[in-house]
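Because the structure is a prediction, the values reported are computed rather than measured.
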Number of protein chains: 2
Amino acid sequence: MSKASPRATITDVARAAGVAISSASAALNDRPGVSTETRVRVRAVADQLGYVPALAGRSLASKRAFSVGFVVERDYDIIQSDPFFGGFIGGIEESLTPRGYALALQISQDEAGSEARLVELIESRRVDGLFLDEIRINDSRLAALSARNAPVVAANAPRGEFPFPSVRQDGTAAIRSLVEELVKLGHRRIAHVTGPDAYEHSIERRDAWASAMLSHGLEPDVVIPGDFTYEGGEHAADLLVEDDRGATAVFCANDLSAIGVMNRLHRRGVRVPEDISIVGYDDISLGRYVRPTLSTVQTSPRLLGTVAAEMLLAAIEGAKVQDIEVAPAAFVRRESISTRPADVKH
Amino acid sequence: MSKASPRATITDVARAAGVAISSASAALNDRPGVSTETRVRVRAVADQLGYVPALAGRSLASKRAFSVGFVVERDYDIIQSDPFFGGFIGGIEESLTPRGYALALQISQDEAGSEARLVELIESRRVDGLFLDEIRINDSRLAALSARNAPVVAANAPRGEFPFPSVRQDGTAAIRSLVEELVKLGHRRIAHVTGPDAYEHSIERRDAWASAMLSHGLEPDVVIPGDFTYEGGEHAADLLVEDDRGATAVFCANDLSAIGVMNRLHRRGVRVPEDISIVGYDDISLGRYVRPTLSTVQTSPRLLGTVAAEMLLAAIEGAKVQDIEVAPAAFVRRESISTRPADVKH
DNA sequence: TTGAAAGCGCTACCAT
DNA sequence: ATGGTAGCGCTTTCAA
């Protein structure tokens, strides 16, 4: 191939096929009103010319961007170790590509920035719709986007009042069975290392833990603040060791902090699981690479992404989209839990 | 705000400001030929109307998509644990956003698919340019993209003949100093767990290791095939244990496989670093979360992303872009290495 | 400095 | 079934 031959346009195709532009368009897009013969001829000419429709033209005429946006709100350096991110995006892509849609991915460090990026994406009509995850209590993105009538699909939005359709994966059942498992192993004091209070899913996990504890007649009182990071887990471990309520098991709001807890306990001479049992949440691959391997709640970010993308495309096409609940997360027992140490009294 | 008020266009702005569309356009884009007074008035009207230029219009008229593409070639489930991915994308984003560009991210499972996606992105003019990483020997993407005159910037392309500009981070110096460090600790047999032969960077790391070994008068003969995965590392550990050449240290082509090696050795009763020292490559965060913490070569994916994006934008604007070399990767010593076990003879 | 108008590539409507 | 044509929202000449 020689120098930058300007790409063939639909006009070229029409001319070469000896038909009107409108017929060429109809033929290429499987619209009715074209004879089979014409359709075939146009197609042949089109791919002989290597014709690929230009997005900008389609976009301008059809008033659709053929892309959807996702803004990841993370510290640049933390994205690496993010559990949800990769899987969710992979899932999104999986539904998007066959439909000719692309994903515009943006990254933002903070809440204000991420809202600004979302608004910018939608207002510049760079995207036809948006994904939202990690919903905050009083999340300001919600009002900003509903005011603009943006098609939006959320992942794991809180139940109840919520302005957009959401795909959800229930984790409460898994949390209940994890508590039950620990109780069976003799544990009575099961602590919880939380996520940041600002997030709906932090609260949800905490509530699920608390209610499971209560249903076993146990007091959900050992609550250690965490922040979903490894370092937050390390700090939580320190607090736990200094705590005098003698927790023998800990349920952490995510795997990364659970691993922080685990490693810190180890460094301080506390044995896992002999002295303290640990359970995380997410099932990041890392959990299988640490020693002891981490018991956790297995979630399905990729599936959530696939479903979310399907929902969003439907919403963009004007359909009334219902919430979808995927199969609930499941408790996965690995090495990090065992029976309550014999010498602990209650 | 009420229902879907159609967004203001430049025509609305021009009319409201009482000027021609062309003047409004010039005023809004800082082009000369507009009086300060007009400029001010147009701007005022524009943001009173909440005007945001529509991408499709700009795109069609200016023949630019204002986005660039990146196709990640990964198994959907592996993306999660990918070290390079997140940082690189974060860096790209960092340079893109201030310039009004967005990133179109695609994911592909295999080589053929990823080439198809790249071609599709560029031919549909959905993007103005592309990033390439993980270059293969005889990478078919190269010809496909140069034939199409696509602006492309690669990350860590092989030195020598290469059709596109590349940002690179040298790792050979770090590998040399890692070998030197191990030699100082008394090691003589330093094995290498490779990446897949198909990748240029696998070869590069292996060559660097071999040449460092030779410069110390050591034979680079213990080469164990790996594939950059955790499981590949586990398998390599098995091979290593069964190998009779008595390696006392291993340099793995990446951190993930190094951690696989480490955990597997541990399970098989080989102590790290007492019996065998281990070094990885990448410096993924995970390396600091395992026990012992992993010695490694620290790379800078985010910086590579930032620089690559700057280069790509320049290339898109027609500039002749030179290769850029960022500060070399550095060897980071952590707990996974120590002196050669006393009982090993050579 | 300003305005008018052409045209980017496509879709969609309306005649024929 | 087919062709002509009016835009979509913007940039960019070119006259005035």
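Here chain B contacts DNA chain C (any atom closer than 4.0 Å to a heavy atom, that is under 4.0 Å), and the contacts span C/dT1 to C/dG9 from 5' to 3'.
Between its two ends, the helix from C/dT1-D/dA16 to C/dT16-D/dA1 turns its axis by 40°, counting five pairs per end and rounding to 10 degrees.
Taking the ring centre of B/F85 as origin, the terminal cationic atom of B/R74 falls outside the region bounded by 6.0 Å and 45° from the ring axis.
Of all heavy-atom pairs between A/Y51 and A/I10, the closest is CE1-N, 3.4 Å. The shortest heavy-atom contact between B/R64 and B/Y101 is NH1-OH, 3.8 Å.
The pair B/E325-B/R159 counts as a salt bridge, with a side-chain nitrogen and a carboxylate oxygen less than 4.0 angstrom apart. Under 4.0 Å is where a charged nitrogen must lie from a carboxylate oxygen, and between B/R39 and B/D30 at least one such pair does.
Between the CE atom in B/M311 and the CD1 atom in B/I324 there is a gap of 5.0 Å [rounded to 0.5 Å].
A donor-acceptor pair under 3.5 Å is absent between the side-chain atoms of A/S166 and the main chain of A/P158, judged by distance alone. When atom types are taken as modelled, the side chain of B/S95 and the backbone of B/T306 share a donor-acceptor pair closer than 3.5 angstrom.
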For this session: Classify every nucleotide of nucleotides 2-10 of chain D by which part a protein heavy atom approaches to under 4.0 Å, writing B for the base, S for the sugar-phosphate alone and - for neither, in 5'-to-3' order.
Result: BBB--BBBB

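There is no side-chain donor-acceptor pair under 3.5 Å between B/S59 and B/R125.
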For this session: Would you please test B/R117 and A/T97 for side-chain hydrogen bond (donor to acceptor under 3.5 Å, both in side chains) and show each step?
Result: CA-CA 9 Å; B/R117 313 288 286 279; A/T97 305; 2.7 Å; yes

